[in-house]
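Keep in mind that the numbers below use all heavy atoms, side chains included, and drop hydrogens, waters and symmetry copies. All figures in this text were calculated on a predicted structure; none of them were measured in a lab.
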Protein chains: 2
Amino acid sequence: GPKAALDPTLSARLRFLAEADRLKSVTRATLLADASRRENSAEHSWHIALFARVLAEHAPQPVDANRVAQMLVLHDLVEIDAGDTPVFGQVDAAAQAAEEDAAAQRLFALLPADQCDAFLTLWREFEANETADATFGKSLDRFCPPNQNLAAGGGSWVEYNVSYATFRDRVGRKIEHGAPALWQWLEPRVTVFFQQKLGRSTD
Amino acid sequence: GPKAALDPTLSARLRFLAEADRLKSVTRATLLADASRRENSAEHSWHIALFARVLAEHAPQPVDANRVAQMLVLHDLVEIDAGDTPVFGQVDAAAQAAEEDAAAQRLFALLPADQCDAFLTLWREFEANETADATFGKSLDRFCPPNQNLAAGGGSWVEYNVSYATFRDRVGRKIEHGAPALWQWLEPRVTVFFQQKLGRSTD
Ligand SMILES: [Ca+2]
């Protein structure tokens, strides 16, 4: 009826969801596992939400898989304004954090106030990387791309001419911090790949 | 350590997650809101998981937004084997359902048995479309594409030369069933679009 058609709360939510559609056009450095193209941040967000459901048992302390999945569904929306920052590129971390927080404020403010607050709080918890849910979620965000690189024949490691030391510092260290079991699984595979496929030292 | 690196449970889960990557290459009939390209089923799954979080309050009876979101993250995985079935195309519904159930069995069986059972049960609950969570989730899956079509200037409505009666039958009726408030919001907008932009009768 005409009342529902004019519901301002619902209209606000649908404006937010329409804006979110733009995340499908934000391109990442990572290739799909079959190396056919670069992936975008929306499909990446789907994939790691699935990682959260499937791998929650491997977190070093109990996590709420629902909260982790929700964080991961929301976490990259800021890239609609701020773009994706490739992990192996050069970056001013403070400037990037400020740009992403401004983006979070703009985007979530499209929603009704209570939902804006809830989403912004959850997004900032993820970014702060301190709670068990956030730390595990952040680790999944780092853990997913190396698996695609292994499948794709190198992917962003080749494109960015990444040394094992850089991979260890920017990716491995963070996976190890929030998901040591996943790092123990990944490390020997990446080491062998860097040595045998990329011919690079892993000392 | 070597033990974690050989963990068969973790390895099984990662094989499933690697297989899931293929959903990013399943193309749907729907265009992105900016009409720049067709969307794929992985980014669509992300988008409607977000719809579930944002719109749960508009369900006609209480739903568990976490369960709905999880159903929607899983619901299209079967398209890796069965492909996407455009809602306006011709289809043998029974054959499609059988093919999708076989796909669900193959894909979820990549996981450890307890997780396979849990995911298969949730996926079948969604497909059965009987519980409050499933019915609302199914409605979101129908509600999302028309919003993209409205933004994209017609999208799959133009490509498939869809009449308003067909839209009403294959899409509107199902949204109305599981999410009447969303249908009340959408119906007048689609009616005006069909009349004014597509020049089609909506009687
Ligand atoms: Ca990111």
Side-chain angles (χ1 to χ4, degrees), chain A residues 1-7 9-11 13-14 16-25 32-34 36-37 39-47 49-51 53-55 57-58 65-67 69-70 73-74 77 111 115 119 144 147-148 150-151 180-189, chain B residues 1-7 9-11 13-14 16-25 32-34 36-37 39-47 49-51 53-55 57-58 65-67 69-70 73-74 77 111 115 119 144 147-148 150-151 180-189:
Chain A
K3 185 164 159 289
L6 296 171
D7 179 343
T9 300
L10 179 53
S11 292
R13 287 172 171 150
L14 292 171
F16 169 80
L17 290 167
E19 186 77 359
D21 198 75
R22 295 172 58 199
L23 193 61
K24 299 169 187 171
S25 299
L32 300 192
D34 69 4
S36 57
R37 63 170 171 81
E39 78 176 339
N40 69 63
S41 292
E43 64 198 358
H44 161 70
S45 296
W46 165 77
H47 205 183
L50 188 61
F51 271 63
R53 301 287 184 187
V54 170
L55 298 179
E57 202 176 273
H58 300 276
N66 285 318
R67 289 188 87 243
Q70 186 172 2
V73 163
L74 298 178
L77 279 167
L111 292 165
Q115 209 158 32
F119 282 22
C144 187
N147 284 285
Q148 284 173 225
L150 286 171
L182 299 183
W183 176 243
Q184 285 166 35
W185 188 91
L186 185 65
E187 184 183 26
R189 288 165 172 83
Chain B
K3 183 163 161 289
L6 297 172
D7 180 342
T9 300
L10 180 51
S11 292
R13 288 172 170 149
L14 292 171
F16 169 80
L17 290 167
E19 186 77 359
D21 198 74
R22 295 173 58 199
L23 193 62
K24 299 169 188 171
S25 299
L32 300 191
D34 69 3
S36 57
R37 62 168 172 81
E39 78 176 340
N40 69 63
S41 292
E43 63 199 358
H44 161 71
S45 296
W46 164 77
H47 205 184
L50 188 61
F51 271 63
R53 303 285 184 185
V54 169
L55 298 179
E57 202 175 273
H58 301 277
N66 285 317
R67 289 189 86 242
Q70 185 172 3
V73 163
L74 297 179
L77 279 167
L111 292 165
Q115 210 158 32
F119 282 22
C144 187
N147 284 285
Q148 285 172 225
L150 286 170
L182 299 183
W183 176 243
Q184 285 167 34
W185 189 92
L186 184 65
E187 183 183 26
R189 288 165 173 82

Reported CG-to-CH2 distance for the pair A:L14 and B:W185, which is rounded to 0.5 angstrom: 4.5 Å
Interatomic distance, A:L23 atom CG to B:E43 atom CD [nearest 0.5 angstrom]: 9.0 Å
Heavy-atom contact with chain B under 4.5 Å, split by part of A:E39: side chain
Interchain contact, A:R22 with chain B, by part (heavy-atom threshold 4.5 Å): neither
Chain B contacts, top residue of A:A20, A:C144, A:A49, A:A18 (heavy-atom pairs, under 4.5 Å): A:A20
Which of A:L182, A:L55, A:D34 touches chain B most, by non-hydrogen pairs under 4.5 Å: A:L55
Results of side chain to side chain contact (heavy atoms under 4.5 Å, CB included) for A:D21 - residues two or more places apart only: A:K24, B:L32, B:A33, B:H47, B:Q148
Over all atoms of both residues, closest heavy-atom pair of [X] and [Y]:
X: A:L10; Y: B:H58; answer: CB-CE1, 3.7 Å
X: A:V73; Y: B:W46; answer: O-NE1, 2.9 Å
X: B:S11; Y: A:R189; answer: OG-NH2, 4.0 Å

Atom group of B:L186 that falls short of 4.5 Å from chain A, counting heavy atoms: neither
Part of B:R67 within contact of chain A (heavy atom distance under 4.5 Å): neither
Most contacts with chain A, counted as non-hydrogen pairs under 4.5 angstrom, among B:S25, B:S41, B:S45: B:S45
Max heavy-atom pair count under 4.5 Å with chain A, selected residue of B:L111, B:N147, B:N40, B:T9: B:N40
